[in-house]
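Here's the structure, in structure tokens; my notes come after.
Side chains included, hydrogens not; waters and symmetry mates left out as well; all remaining heavy atoms used. As the structure lists them, so they are numbered: ligands from 1, and atoms in each ligand from 1.
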Amino acid sequence: MIVVMKQGASEEQVQHVIERIEQLGLRSHVIVGTERTVVAALGEKRDGAKQALETGSGVEKVVPILAPYKMASTEVKKEPTQVTVRGLQVGRGHIGVMAGPCSVESREQILEVARIVKESGAQGLRGGAFKPRTSPYSFQGLKEKGLELLALAREQTGLAIVTEVMAAEHVPLVARYADILQVGARNMQNYPLLEVAGESGMPILLKRGPSATMDEFLLAAEYILKTGNTQVMLCERGIRTFEDHTRFTLPLASVPYLHQTTHLPVVVDPSHGTGKASLVSTMAVAAIAAGADGLMIEIHPDPEKALSDGFQALTPHLYRQAMAECRTVATALGRKMGEPTVP
Ligand code: PEP
Ligand code: MN
């Protein structure tokens, strides 16, 4: 349920509602909006709770939350959430770009890519140190060494570092180096990981599971929000279908759909979404046109030599071109993207 306070309701009145919610055995979650404050009452449905809360002073009305996800829903919070970390702004008219290699491979590689990313006007550097690979014989990432290299790249560029955390027990380690914890597609429904990642208080990039429905995706985000962490980005990265002309199928309708159903910012990853470098730029532009608040893009100085996902990595040249096209569309639609410092 949502308790909608009257315009101008006092802090004491809000506090009283919170106490009543807790006395009823429910959890409270306050959202201070531009016009009025609402207090969400979360938990099992209780007989008489609606009536009990309705009588509180300063309360305008009590309405049920229809969506199965509560804190993620636009029913509870209408204003879009913006995720902000270092110079990266994702949401509310700002398109945040997180680009970089699939995996951190060496000091030279990550520092070179970081420079390219920075010069392109992007504000986030992606790079896997712990890699979820289909085959146990494939490169598994440089692990802590990779995290150290990412931190070095941040020191040199000021870019926000986004990197995957694959297990709950790795959260403290990855959180020491990263600015944003990425929960990968394969782990979208790893609930203990979502909770521990959420409790770290760090911004989270949650990738959609390849077979997850939108409700499942949003309920996964709800696990993070329930820890009190509001800095959550949803990342559409493609789903499994019968199609085999692309690695995954990238359903861009999920962007406007998510904007209707949740206030969380939506990022699109056209690299995994297509699995083909030749399709990435066009789908990045299309993602911006569909309303994406951010992009995650894989790039590599020499894709042929990449230790993972080279087939979907843009070269620096194609990446710069893609960013220029995305910026044209973003500007036409009244949204902002970082400007390149080197033409
Ligand atoms: C990645 O971003 O490198 C990655 C492994 O992505 P996903 O979890 O979407 O497969
Ligand atoms: Mn990858």
Side-chain angles (χ1 to χ4, degrees), residues 90 96-105 109-110 113 117 122 124-136 138-143 146-147 149-150 160-167 170 174 178-190 193-194 197 203-212 216-217 220-221 224 232-241 246-252 254-255 266-277 279-280 283-284 287 292 294-315 319:
V90 183
V97 177
M98 293 159 269
C102 180
S103 304
V104 180
E105 298 171 359
Q109 176 239 22
I110 197 67
V113 174
V117 169
L125 177 67
R126 63 145 290 141
F130 289 88
K131 291 304 303 176
R133 303 304 302 279
T134 303
S135 163
S138 303
F139 175 59
Q140 304 284 308
L142 296 181
K143 313 214 162 114
L147 296 175
L149 293 173
L150 285 166
I161 301 298
V162 52
T163 193
E164 178 159 355
V165 58
M166 282 171 52
H170 291 165
V174 179
D179 295 300
I180 299 164
L181 300 179
Q182 174 172 326
V183 175
R186 292 157 188 80
N187 266 319
M188 189 204 82
Q189 286 177 308
N190 181 341
L193 172 61
L194 296 174
I204 310 282
L205 180 97
L206 176 65
K207 296 190 103 181
R208 179 183 184 182
S211 61
E216 288 165 343
F217 191 18
I224 302 169
V232 181
M233 294 175 265
L234 300 170
C235 180
E236 174 57 83
R237 48 77 74 207
I239 52 171
R240 250 295 137 75
T241 69
T246 46
R247 184 180 182 191
F248 293 97
T249 296
L250 185 60
L252 286 180
S254 56
V255 180
V266 183
V267 172
V268 172
D269 170 354
S271 306
H272 292 87
T274 62
K276 283 195 176 149
L279 304 177
V280 170
M283 294 312 283
L295 291 172
M296 169 164 267
I297 299 197
E298 289 190 345
I299 65 175
H300 197 283
D302 190 356
E304 253 186 44
K305 299 215 178 95
L307 296 181
S308 59
D309 287 357
F311 46 84
Q312 67 192 31
L314 293 183
T315 59
Y319 165 67

task: Show your reasoning for whether salt bridge (Lys or Arg N to Asp or Glu O under 4.0 Å) applies to R126 and E298.
output: CA-CA 8 Å; R126 63 145 290 141; E298 289 190 345; 3.3 Å; yes
- request: Quick one: closest heavy-atom pair of L147 and V174, and the distance?
  value: CD1-CA, 4.1 Å
- request: State whether the shortest distance between N or O atoms of K207 and N or O atoms of ligand 1 falls below 3.5 angstrom.
  value: yes
statement: Taken by chain and residue number, the protein N/O/S atoms under 2.8 Å from the Mn ion (ligand 2) read C102 SG, H272 NE2, E298 OE2, D309 OD2
- prompt: Hey, is R247 close enough to D309 for a salt bridge, meaning N to O under 4.0 Å?
  reply: yes
task: Measure across A313 and P303 and return the closest heavy-atom pair with its distance rounded to 0.1 Å.
output: O-CG, 3.8 Å
task: Before signing off on this row, confirm whether R126 and ligand 1 have an N or O atom pair separated by under 3.5 Å.
output: yes
query: Is there side-chain contact between N187 and M166, with heavy atoms separated by less than 4.5 Å?
result: yes
- line: Here the pair of heavy atoms bringing P210 nearest to F248 is CB-CE2, 4.0 Å
field: Which residue and heavy atom of the protein sit nearest atom 4 (C) of ligand 1, plus the separation
entry: H272 NE2, 3.5 Å
- prompt: Are any of the N or O atoms of A185 closer than 3.5 Å to those of ligand 1?
  reply: yes
- request: Check whether any N or O atom of E164, backbone or side chain, sits under 3.5 Å from an N or O atom of ligand 1, and answer yes or no.
  value: no
side-chain contact (heavy atoms from CB on, under 4.5 Å) between L206 and L194, worked out: CA-CA 9 Å; L206 176 65; L194 296 174; 3.7 Å; yes
- prompt: How close do A167 and L193 get, heavy atom to heavy atom, and via which atoms?
  reply: C-CD1, 3.6 Å
message: Just to be sure I'm reading this right: ignoring hydrogens, which of R186, E236, R237 gets closest to atom 9 (O) of ligand 1? Compare them by their nearest heavy atoms.
response: R237
message: How close do I161 and D179 get, counting heavy atoms only, and between which atoms?
response: N-OD2, 2.7 Å
